[in-house]
Protein chains: 2
Amino acid sequence: MFFSKTCEYAIRAVLYIAQKSEEGRKVGIREIAVGIDSPEPFIAKILQVLSKKNLIQSAKGPNGGFYVDKGSRDTTLADIVEAIDGDRLFVGCGLGLSNCSSAKPCPLHTEFQVIRDKLAATLRAATIIRFNDELNLGLSYIKER
Amino acid sequence: MFFSKTCEYAIRAVLYIAQKSEEGRKVGIREIAVGIDSPEPFIAKILQVLSKKNLIQSAKGPNGGFYVDKGSRDTTLADIVEAIDGDRLFVGCGLGLSNCSSAKPCPLHTEFQVIRDKLAATLRAATIIRFNDELNLGLSYIKER
DNA sequence: AAAGTAAAAGAGTTTTTAATCTTTTATTTT
DNA sequence: AAAATAAAAGATTAAAAACTCTTTTACTTT
Ligand code: FES
Ligand code: FES
């Protein structure tokens, strides 16, 4: 809807990793793919990118897997979105004009800007560990079935 | 950003047509393509769809072209978006869960719903003729340069 | 040191979206 | 009726996004 499919998977995967990291354990790609119901090799690729950008951490070898360390506790969903989809959601014009500006605005510029800012604020306020409790309690879901 | 590129072109084209229709004239594909700075054969395809769905009108032959009749004056941008991108923007889950519901919500469901509803309201309030004046006055733009 | 585990890296495929080209049909003007 | 005009229809191509597979590298356990 707002994000690319890749980005949707990324967010769900990171929330899953954050949740399990709280219990102090690392999770492998297989488990993540099952946990968020996504294609395994695809999510592997995506996590590679996030890991390289140090938004999440990874360890190779036995007992390895993905996790989030102390320093990544305040990674936000805005960081994930920016890493995967770039900044077009935050700065792009809703009607596709090549640069959004109030100097040469599209007819919906003002309205779009309000909505866009609201979305940006939401994503910036959403740290990846913030949803751990409600996920644990089954109050919200990152998987279909 | 929110819409597919096809949909962005569609909106800009329809606003252009509405603007010129006010002057009582029909506009050809060539003129539209120049007026909104879009690939000519591509916009032709898009307008075919909108015309078939009767969101805009068209006439073949000399002095033909695209226009909006009285009955289409209250076509809204929501109608255009729905015709091109479907309803995923209005009902889809922001994290890609196959159905968005408050019964089994994703962690951001509440926030997404607010933003989505705001966007939907904006688009539903935006009739295609509503921007004619400001476009005429050069207060807003549907073209880059 | 050897064996096993798990992610990283890179190459490759499929599907979807974006864009183009060609032919046909309808309409109008002469 | 003929010629010209402009959209409709349909087939095709190109590019981007989504997804898969294979090999390599790093690490851990025995
Ligand atoms: S110019 Fe279109 S959203 Fe700002
Ligand atoms: S369930 Fe995700 S937006 Fe409603």
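Bear in mind the structure is a predicted one, so any value in this text is a computation, not a measurement. Proteins come first, then strands; the chains are lettered A, B, ... in the order of their sequence lines, and each starts at number 1.
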Pair B:E82 + B:K53, salt bridge at N-O below 4.0 Å = no
Figure out the [atom1]/[atom2] separation between [X] and [N], and round it to whole Å.
X     : N      : atom1 : atom2 : value
B:F66 : D:dA6  : CZ    : P     : 12 Å
A:K26 : D:dC27 : NZ    : P     : 12 Å
B:K53 : D:dA9  : NZ    : P     : 14 Å
A:R88 : D:dA16 : CZ    : P     : 13 Å
B:I29 : D:dA8  : CD1   : C1'   : 9 Å
B:F3  : C:dA18 : CZ    : C1'   : 18 Å
B:Y67 : D:dA6  : OH    : C1'   : 13 Å
A:I43 : D:dT20 : CD1   : P     : 12 Å

key: Approximate separation, where rounding is to 0.5 Å, of B:I128 CD1 and B:L15 CG   = 7.5 Å
Among the candidates [options], find the nucleotide nearest to the side-chain atoms of [X].
X     : options                : answer
B:K5  : C:dA19, C:dT28, D:dT20 : C:dA19
A:K52 : C:dA9, D:dA9, C:dA18   : C:dA9
A:K45 : D:dA8, D:dA9, C:dA9    : C:dA9

Looking at every strand, decide which applies to [X] at a 4.0 Å heavy-atom threshold: base, sugar-phosphate, or nothing.
X     : result
B:L47 : nothing
A:A44 : nothing
B:V49 : nothing
A:P39 : sugar-phosphate

query = Hey, does B:F90 have a side-chain heavy atom less than 4.5 Å from the side chain of B:L119?
reply = no
Donor-acceptor pair present, A:Q48 side chain and C:dA7 base, under 3.5 Å = no
Closer than 4.0 Å, any side-chain N/O of [X] to the OP1 or OP2 of [N]?
X     : N      : answer
B:S4  : C:dT17 : no
B:S51 : D:dA7  : no
A:Y9  : D:dC19 : yes
B:N63 : C:dT29 : yes
A:S58 : C:dA6  : no

inquiry  = Assess the residue pair A:I43 and A:Y16 against the criterion (side chain to side chain contact (heavy atoms under 4.5 Å, CB included)); give the C-alpha distance rounded to whole Å, side-chain angles, the decisive distance to 0.1 Å, and a yes or no.
reply    = CA-CA 12 Å; A:I43 198 70; A:Y16 185 86; over 6 Å; no
inquiry  = Quick one: does any side-chain atom of B:R130 pair with a main-chain N or O of B:A125 as donor and acceptor, under 3.5 Å?
reply    = yes
message = Reading DNA chain D from 5' onward, which residue's closest nucleotide shows up sooner: A:T6 or A:P62?
response = A:T6
ask   = Hey, which of these two, A:F42 or A:A59, hits DNA chain D nearer its 5' end, going by closest nucleotide?
value = A:F42
message = Pair A:D85, A:F2 - check side chain to side chain contact (heavy atoms under 4.5 Å, CB included), show working.
response = CA-CA 10 Å; A:D85 283 348; A:F2 300 122; over 6 Å; no
remark   = Assign each of B:K60 and B:C7 the nucleotide of DNA chain C bearing its closest heavy atom; nearer the 5' end lies the nucleotide of B:C7
